[in-house]
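Working notes for the structure below.
We number each residue from 1, following the sequence as shown.
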Amino acid sequence: MIDTTRVPAHVAVIMDGNGRWAERQGLPRTEGHSEGEERLAEIVRAADARGVRWLTAYGFSTENWRRPRLEVDFILGLHKKIFGRREEMHANNVKIRWIGRGTRAGSRIPAIVRREIDKSTRLTARNTGLNFTVAFDYGGRQELVEAARAIARAQPEVVNRHTVGTHLYAPELPPVDLMIRTSGEARISNFLLWEGVGAQLYVTPTLWPDFGAVEFDHALTWWREQVAA
């Protein structure tokens, strides 16, 4: 059993390996993304049950637009589905957030997905349990660029850690304690460049569609061992 009194406050996950998982099963890549969405829902439940206060998932990056159009469209449809789980999350007191270009000018996210995002954030805005954030059409460099532009417009004479932090997509996000990367890739891929400074990086060869609650518990145990060392 996981000691729920000793868990990271903020866990970030880079959900990698959906396509490779499908290929190993002899399935279309889209099947890997579909299975990956199921695992994300499972990890949201697991994080909530174990007392994690903040969970941030790298759902769709600014680089993902370079993938084949059919694959991109399928992934966008799946994110409509994860936001469509809002009734379940709302019943469990989960607060849903998103970070990224989203509804900002120039966003390429389809209106139907943006509507699902907006419905989810409005419905769960007053919830006080797990803070579940989806990084959607997100890039860490783009976030810092937009923060710099906002500072320049507002108060160009004052640029420090505080002003940068308050102009990020979600200034309320605390520093990441544990960052999980599946599929064996030991890199952060433009994810939470500001918020992830100092995070423990847990890399597992497990592909994301195989990363369930048991694997999540392994990551929490590893984190506890690192901070106790």
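A distance of 6.0 Å or more separates the ring centres of Trp98 and Phe136.
Taken to the nearest 0.5 Å, the CG atom of Leu55 stands 7.5 Å off from the NE2 atom of His10.
Few gaps surround CG on Leu27; more than 12 heavy atoms of other groups in view lie less than 6.0 Å from it.
Side-chain contact, Arg86 with Thr124: no donor N or O sits under 3.5 Å from an acceptor N or O.
Aromatic ring orientation, Tyr138 versus Phe191: perpendicular (interplanar angle above 60°, classes split at 30° and 60°).
Within the structure, every pair that satisfies the salt bridge (charged side-chain N to carboxylate O under 4.0 Å, His left out) test and touches residues 186-210, not counting sequence neighbours, is listed here: Glu185-Arg187.
Side-chain atoms of Leu192 and Ile99, non-hydrogen and from C-beta on, do get closer than 4.5 Å to each other. No side-chain heavy atom of Leu168 sits under 4.5 Å from any side-chain heavy atom of Leu173. Two residues are said to be in side-chain contact when any heavy atoms from C-beta on lie closer than 4.5 Å; His33 and Glu71 meet this criterion. Asn64 places none of its side-chain heavy atoms less than 4.5 Å from the side chain of Thr62.
Every residue two or more places apart in sequence or in another chain was checked for a ring pair (Phe, Tyr, Trp, His ring centres under 6.0 Å) with Trp21, and none qualifies. By the ring pair (Phe, Tyr, Trp, His ring centres under 6.0 Å) test, Phe211 pairs with Trp208, sequence neighbours left out.
Closest of all the heavy-atom pairs between Gly32 and Ala22 is N-CB, 3.6 Å.
The pair Arg69-Asp73 counts as a salt bridge, with a side-chain nitrogen and a carboxylate oxygen less than 4.0 angstrom apart.
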